[in-house]
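Data block below; observations after.
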Amino acid sequence: MKTGVISPQARTKALDAMSSGPELDVLVVGAGVVGAGSALDAATRGLSVGLLEARDFASGTSSRSSKLIHGGLRYLEMLDFSLVREALRERGLLIQKLAPHLVRPVPFLYPLQKRAWERLYVGAGVALYDILALGGGAGVPVHRHLSRVEALKAFPSLRPETLVGAIRYYDAQVDDARHTMFLVRTAVANGAHVASRTEVTGFLREGRRVVGVTARDLETGAELTIRARTVINATGVWTGDSQAMLTGERGEFTITASKGIHLVVPRDRIAGRTGMILRTATSVLFVIPWNQHWIIGTTDTAWDLDKSDPAASGKDVDYLLDEVNKALAVPLTRDDVQGVYAGLRPLLSAEAASTAKLSREHAVGNPVPGMIVVAGGKYTTYRVMAKDAVDAAVGELAARVPASCTDQVPLLGADGYRAAWNRRAAMARESGLTVTAIENLLHRYGTLIDEVLTLIEEDPSLGLPLDGAAGHLRAEIRYAASHEGARHLEDVLSRRTRIAFETPDRGVAAARAAAALIAPVLGWTAADASREADAYESRVIAELAAQQQPDDATADATLRRTSLATAA
């Protein structure tokens, strides 16, 4: 079985195939979740496909979400039943068929503050949520009403005076960066050519028609020309920038970037066996169990500064702490915050002539022949967005192409996952690892765990914990570069693993050991590995400094200035 290995050699071959081989049917620009999903959709229809990403897979919005696969309970209040139904169908598919190793159910409490009408109102909404999920096979238990005693038993850290009871319901959780990476690998396994760290610098034109792109390999500096019958622009918050490359053409969609930040705190700071959803004055706040941590988020503020690396400010951190502390018996402080990450949501606003709606709904446009633009949407419905984008691209090809089948295509690692999970004790005995280590690997790799275990079999030292990040094996770091397309240390510590926000020092203690493990795969010298570790440490210093600033402007300026100063 092809497992879509993205090694350094595979990347080189992919770039050669895209630039020197036959014209592609579809070239996708942007390897966030929608771009990766589009590449998989097109490849599984039998089309020749290329996928380019200027940075790392999922390096933008798709690695900085709330890690939820959900229908959007609050959209029921907006009477947007079709959006909720669609998202819940996708949730069921991901849990039960497409990615059971990466997406799993999580219970949430909805605390109630009023004795009668609120329980009736919220209960009716959550019941409808469960009903809408049935059409796609819910994959999660139904909701249940709890008394105050039952709610406090499930979440002891709640202040008793803040609730009269609760409703427990279920949604699902995902490691967004790893899920996106698995989409990319599954596309590769189905024939797609993929390359990260390759920036599109312009579009090729024949008359008005787009017939490909010019690009630069950011690792070597090589200039490339890639021809394609159709180009799909799936660049998220960068949609406006990429549309601007079409000189003289007015962009069909306008994307507004909204910043959302999340706090990561150790699991022992909050006593609870479920997640929690809280109402704020303007939106909702999630407290989400995440391995040995909690994720608390999110904010929702306009952002017009640097899109490549949005900065979390002290104001953002304090806002989330203030909101969550309204519900907690023992307040959290800044000292409890172990990690912070910030991302930008691409909110869609359309021209008056368009039928697209604002907010999370997506739209697909065809601004010029040969170019498809997909914009807006939410992480959960990436597969539908990708299907719609490829459907539009197929219309440009003037040929009979099979319909989308990605609702029937499990991601790599999904086939046989439940049986592998049942065998985890036997796998531990056979490999010499602990059951906990095997469970962690199954959650991260599914049935591709065999590839990781093979590395350990060949070099037993790779079965040891990583210095500075005991929750990960050394083999996982090596595997990230040899199989998962990681090109830099940050790719490994921030996205292939979550060491960057799961360790108290944000990965600094693990940086040099990780760089040494990556070096032989990527051909680094000792000096190269040291520079990578220095750059990572500089990044952490810059982020911490930004998080002490009072507002977005000073946080952004501090992040840029500190990054330059510490790297010098």
Is there a side-chain contact between [X] and [Y] in this structure, where contact means two heavy atoms from C-beta onward sitting under 4.5 Å apart?
X      : Y      : answer
His472 : Arg474 : no
Ser65  : Thr61  : no
Leu433 : Leu473 : yes

For residues [X] and [Y], is any side-chain donor paired with an opposing acceptor at under 3.5 Å?
X      : Y      : value
Thr180 : Tyr379 : yes
Glu77  : Tyr121 : yes
Tyr110 : Arg279 : yes

To the nearest 0.5 Å, what is the distance between OG (Ser431) and CG (Leu441)? 8.5 Å
Spacing of Thr162 atom OG1 and Leu152 atom CG [to the nearest 0.5 Å]: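 It comes to 8.0 Å.
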Steps toward salt bridge (Lys or Arg N to Asp or Glu O under 4.0 Å) verdict (Asp306, Arg560): CA-CA 9 Å; Asp306 182 74; Arg560 311 300 145 212; 3.4 Å; yes
Short question: side chain of [X], backbone of [Y] - any donor-acceptor pair under 3.5 Å?
X      : Y      : value
Thr299 : Ile261 : yes
Glu532 : Leu489 : yes
Asp556 : Ala311 : no

Is the shortest side-chain N to carboxylate O distance from [X] to [Y] below 4.0 Å?
X      : Y      : value
Glu476 : Arg444 : yes
Glu150 : Arg168 : no
Lys315 : Asp552 : no
Arg487 : Asp491 : no
Arg498 : Asp175 : yes
Arg197 : Asp56  : no

Going through the checks in order, is the salt bridge (Lys or Arg N to Asp or Glu O under 4.0 Å) test met by Arg512 and Glu537? CA-CA 10 Å; Arg512 297 192 182 275; Glu537 291 169 7; 3.4 Å; yes
Can you name the one residue among Arg506, His293, Glu502, Arg269 that meets side chain to side chain donor-acceptor pair (under 3.5 Å) with Gln338? His293
Between Ser258 and Asp300, does a side chain to side chain donor-acceptor pair (under 3.5 Å) hold up when you go through it step by step? CA-CA 6 Å; Ser258 172; Asp300 191 355; 2.2 Å; yes
Check: [X] ring centre within less than 6.0 Å of [Y] ring centre:
X      : Y      : value
Tyr75  : His70  : no
Tyr445 : Phe182 : no
His262 : Trp290 : no

Please assess Asp316 against Lys259 for the test salt bridge (Lys or Arg N to Asp or Glu O under 4.0 Å), listing each intermediate value before the final yes or no. CA-CA 10 Å; Asp316 294 325; Lys259 186 181 71 168; 2.5 Å; yes
Tell me whether the guanidinium CZ or amine NZ of Arg267 lies under 6.0 angstrom from the six-membered ring centre of Trp294 and within 45° of its axis.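 Checked: cation-pi criterion met.
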Cation over ring, Arg418 on Trp421, under 6.0 Å and within 45°? no
Return the set of residues passing salt bridge (Lys or Arg N to Asp or Glu O under 4.0 Å) with Asp130 (not counting sequence neighbours), or none when no residue passes.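 By the salt bridge (Lys or Arg N to Asp or Glu O under 4.0 Å) rule, Asp130 matches no residue at all.
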Residues in salt bridge (Lys or Arg N to Asp or Glu O under 4.0 Å) with Lys67, at least two apart?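 Counting only residues at least two positions away or on another chain, Lys67 forms a salt bridge (Lys or Arg N to Asp or Glu O under 4.0 Å) with Asp176.
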Where does the angle between the aromatic ring planes of His483 and Tyr479 fall among parallel (under 30°), tilted (30 to 60°) and perpendicular (over 60°)? parallel
Students often mix this up, so state it plainly: with edges at 30° and 60°, are the rings of His179 and Tyr382 parallel, tilted or perpendicular? perpendicular
Quick check: closest heavy atoms across Leu68 and Phe108, and the distance to 0.1 Å? CD2-CZ, 3.7 Å
What do you reckon, is CD of Glu161 surrounded by more than 12 foreign heavy atoms closer than 6.0 Å?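 Yes - once you tally the heavy atoms of other residues, nucleotides and ligands closer than 6.0 Å, there are more than 12.
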Identify, with sequence neighbours excluded, every residue that meets side chain to side chain contact (heavy atoms under 4.5 Å, CB included) alongside Ser283. Arg74, Thr280
